[in-house]
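Hydrogens, waters and symmetry mates play no part in the numbers below; they use all other heavy atoms, side chains included. Order of the sequence lines fixes the chain letters, A, B, ..., with proteins taken first and strands second; residue numbering starts at 1 for each chain.
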Protein chains: 2
Amino acid sequence: MSKSIKKEFNRENLLNQGVNLFMNQGYHGTGLQEILDAVNVPKGSFYNYFGSKEDFGADVIQHYTEPFITQLTAHLNNSGADALGAIRCYFDELIVELEKNEFKGGCLLGNFMGEIGDTSEVCQKSLQSAVKRYRDLLQLGLAQAQQQGTVRLDKSAEEMADLLVNTWQGALLRMKIEKSSAPIKQCCQDLLGDYFRS
Amino acid sequence: MSKSIKKEFNRENLLNQGVNLFMNQGYHGTGLQEILDAVNVPKGSFYNYFGSKEDFGADVIQHYTEPFITQLTAHLNNSGADALGAIRCYFDELIVELEKNEFKGGCLLGNFMGEIGDTSEVCQKSLQSAVKRYRDLLQLGLAQAQQQGTVRLDKSAEEMADLLVNTWQGALLRMKIEKSSAPIKQCCQDLLGDYFRS
DNA sequence: TAAATAAATACGACCGGTCATATTTTTTTA
DNA sequence: TAAAAAAATATGACCGGTCGTATTTATTTA
């Protein structure tokens, strides 16, 4: 009993540190040892929790995504009659967080798509499902906004959600090398503040 | 004389293979040995050509970018009175090429921005300059299209060029995990075929 | 005590980078 | 111009360290 609690505790810690280190140093740039040291788990124990580094990576992807889904869902639920405002508000929060981090890291999903999105089948599957969940939620919000009359009807919510996700990811890459939040702010303004408006 | 020719030959080969391997396996996922084997250059010789792996990476970035600048410039020069058409035509060619590669690799600039864009100062500088060159060229084309009346005037060419670059990069990431050209086609249609039009 | 889980250790392969030495190429000198 | 000296380039063995993983040992749990 106390053991399985510890096991879950270690697993959770490993996933949290995996998110941090993978996001800032990339998949191949981060060694297992580094993650294990950060959470004081012996090297030999790792394979009791995860099948391989690759499997671990796939789990980290899902673990990373969860809070974003939760956060966006909360905004949409509390938005009342302004789903578009909720989406803008959600992204504004992300921007604040990214500025806090001085534009380092960006988004684990984007970084992993670029680095291992086409070489690790396991992680590719995980990325597909994570991005789809996220995209679907944005699509839901945009569809609500369409019903509320704030977003144009002549483009599908799905198409706009995809465009938003993709432009956001590209803007995050620019942010990282320009060390500026201008690209991600521009992304929100261009799409949510202009192109999507009815 | 014949020696310095060989030197340039080796350098060029190393850069070419560097582009290939870095693009498909990432920076940390590619060892120097792998590149050296591919071009039959001994390990010890590498450091006669480049100061370090990091410096090499920065040079690879520039080497990768050159052909894209050339290709886009050519399209713009031959476009006559339809700069927007030239840009679309250019991206269509890129799409064909990406489909040929079965959506593997994507864009080295995007991949590197995500993986090492905020950890390697040398490569960050190189990425900044490469992306700026590319963005500026697109901006020039869009400004021409504005003068020709095919592109809206109420947004600056610079802003649109940035949006195009960013959305394209994000769409490439999606392409990699979806193994489909739909995202990049959608990018062109949404921006060049709709949002930018006057 | 038997089975299951955790931890320690061991493993070979590979990492980026260095170095002394060998070979050219270039420059200087006669 | 020919010989000698100096500088530049080429090379592969080798460095310490780290990689991801397998195997072995110790510890819990049932």
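Donor-acceptor pairing under 3.5 Å, judged by distance alone, is present between the side chain of B:Lys43 and the base of C:dG17.
Here the nucleotide nearest the side chain of B:Tyr49, chosen from D:dA10, C:dC15, D:dT11, is D:dA10. Side-chain proximity of A:Ser45 to the nucleotides D:dG20, D:dT11, C:dA6 is greatest for C:dA6. Side-chain proximity of A:Asn10 to D:dT11, C:dA7, C:dC15: nearest is C:dA7.
We find that CG of A:Asn48 is positioned 13 Å from C1' of D:dA26, with the value rounded to whole Å. D:dG12 atom P lies 12 Å from atom CG of B:Leu36, rounded to whole Å. The CG atom of A:Asn40 sits 11 Å away from the P atom of C:dA7 (whole-angstrom rounding). B:Phe56 has its CZ atom 12 Å from the P atom of C:dG17, to the nearest Å. Between the CG atom of A:Asn13 and the C1' atom of C:dA6 there is a distance of 16 Å, rounded to whole Å.
Relative to the six-membered ring of B:Tyr195, B:Arg152 meets both conditions, a distance below 6.0 Å and an angle of at most 45° to the axis.
If you check every strand for non-hydrogen atoms under 4.0 Å, B:Gly31 touches sugar and phosphate atoms only.
Using cut-offs of 30° and 60° for the angle between ring planes, the A:Phe22 and A:Phe56 rings count as tilted.
Comparing B:Phe46 and A:Lys53 along DNA chain D, the residue whose closest nucleotide (by nearest heavy atom) sits nearer the 5' end is B:Phe46.
Using a 3.5 Å distance cut-off with no hydrogens or angles, the side chains of B:His75 and B:Glu93 do pair a donor with an acceptor.
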Run the side chain to side chain donor-acceptor pair (under 3.5 Å) check on A:Ser156 and A:Gln139 step by step: do they pass? CA-CA 9 Å; A:Ser156 75; A:Gln139 175 180 342; over 6 Å; no

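For the OP1/OP2 pair of C:dG16 and a distance below 4.0 Å, the side-chain nitrogens and oxygens of B:Tyr47 include no atom meeting the criterion.
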